[in-house]
Amino acid sequence: NVRVSKMGGVLRCLALVRTAAALGIDLIVGAQVGETSLLTRAALVVARAAGDRLLAQEGAFGTLLLESDLTEPPLMFGAGGRLDADRYGLAGKPGWGLSFIPDRSRIHPF
C-alpha cells in the first residue's frame, strides 16, 4: 500500500513503484482519511506509473470530514466510493488541472 503522504512524496513513491515492478509486486495506492484533492492528484501520478501493477487506488475528496477543498475542481468520489478521474480531463493538463482557491488555502483560527 503506497501512500504519498506517508512515504515522503511523489518521487519516493515513484522509486518504490519501479522497484515493486522489477520484483513483480502488485500495488495499492493508498490514502489517508480526510485527504484533499491536492494529495489525490499526487496519488494519480503514482497510480498511473504503477500501470498493470496497480490493484486498487484509494483517495479523493469527500465532504464527510472536510467542509471544503483547497483546489478546483475538487476530485470527489462518487457512487460506490469511486473516483472517475477521467471525467475531469486532467491527465493532459499541467499539474493535473490544479488550481488553488486562495481563501481556502489559509489556516483559519477556531
Side-chain angles (χ1 to χ4, degrees):
N1 191 334
V2 179
R3 294 182 182 187
V4 175
S5 60
K6 288 191 104 176
M7 299 187 129
V10 172
L11 296 179
R12 287 186 181 172
C13 287
L14 292 175
L16 182 66
V17 166
R18 285 190 298 273
T19 301
L23 296 172
I25 299 171
D26 293 330
L27 301 168
I28 295 171
V29 175
Q32 305 292 13
V33 173
E35 283 188 359
T36 67
S37 294
L38 179 62
L39 199 47
T40 298
R41 282 174 169 82
L44 286 170
V45 172
V46 176
R48 169 113 358 137
D52 293 341
R53 291 279 167 214
L54 184 67
L55 292 175
Q57 182 178 358
E58 302 168 339
F61 172 72
T63 56
L64 184 62
L65 296 176
L66 300 173
E67 183 177 306
S68 62
D69 200 3
L70 300 171
T71 66
E72 283 292 337
L75 302 183
M76 297 187 73
F77 50 84
R82 295 180 184 265
L83 168 65
D84 180 8
D86 292 336
R87 88 171 198 174
Y88 296 96
L90 303 176
K93 296 180 181 177
W96 286 76
L98 181 63
S99 176
F100 280 103
I101 304 168
D103 290 346
R104 294 187 193 159
S105 61
R106 297 187 192 123
I107 297 174
H108 296 283
F110 288 93

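Each residue takes its place number in the sequence, starting with 1.
Crowding of R12 atom CZ: a count of heavy atoms from other residues, nucleotides or ligands under 6.0 Å not exceeding 12.
Once rounded to the nearest 0.5 Å, the distance linking CG of D52 with CG of L27 reads 11.5 Å. Distance check: L11 CG to L16 CG gives 12.5 Å after rounding to the nearest 0.5 Å. Expressed to the nearest 0.5 Å, how far CD of Q57 lies from CZ of R48 amounts to 10.5 Å.
A donor-acceptor distance shorter than 3.5 angstrom exists from the side chain of N1 to the backbone of G30, with no hydrogens or angles considered.
Nearest heavy atoms, D26 versus R53: OD1-NH1, 2.7 Å. Between V10 and A42, the shortest heavy-atom distance links the atoms CG2-CB, 3.7 Å. Residue L14 comes nearest to V45 through the heavy atom pair CD2-O, 4.3 Å, listed as atom of the first residue, atom of the second, then distance. Pairing each heavy atom of V46 with each of C13, the nearest pair is CG2-CB, 3.7 Å.
Under the 4.5 Å side-chain criterion, counting only non-hydrogen atoms from C-beta, M7 is in contact with V2.
Clustering ILVMFWY residues whenever any of their side-chain heavy atoms sit less than 4.5 angstrom apart, transitively, puts L54 in the very cluster that holds L39.
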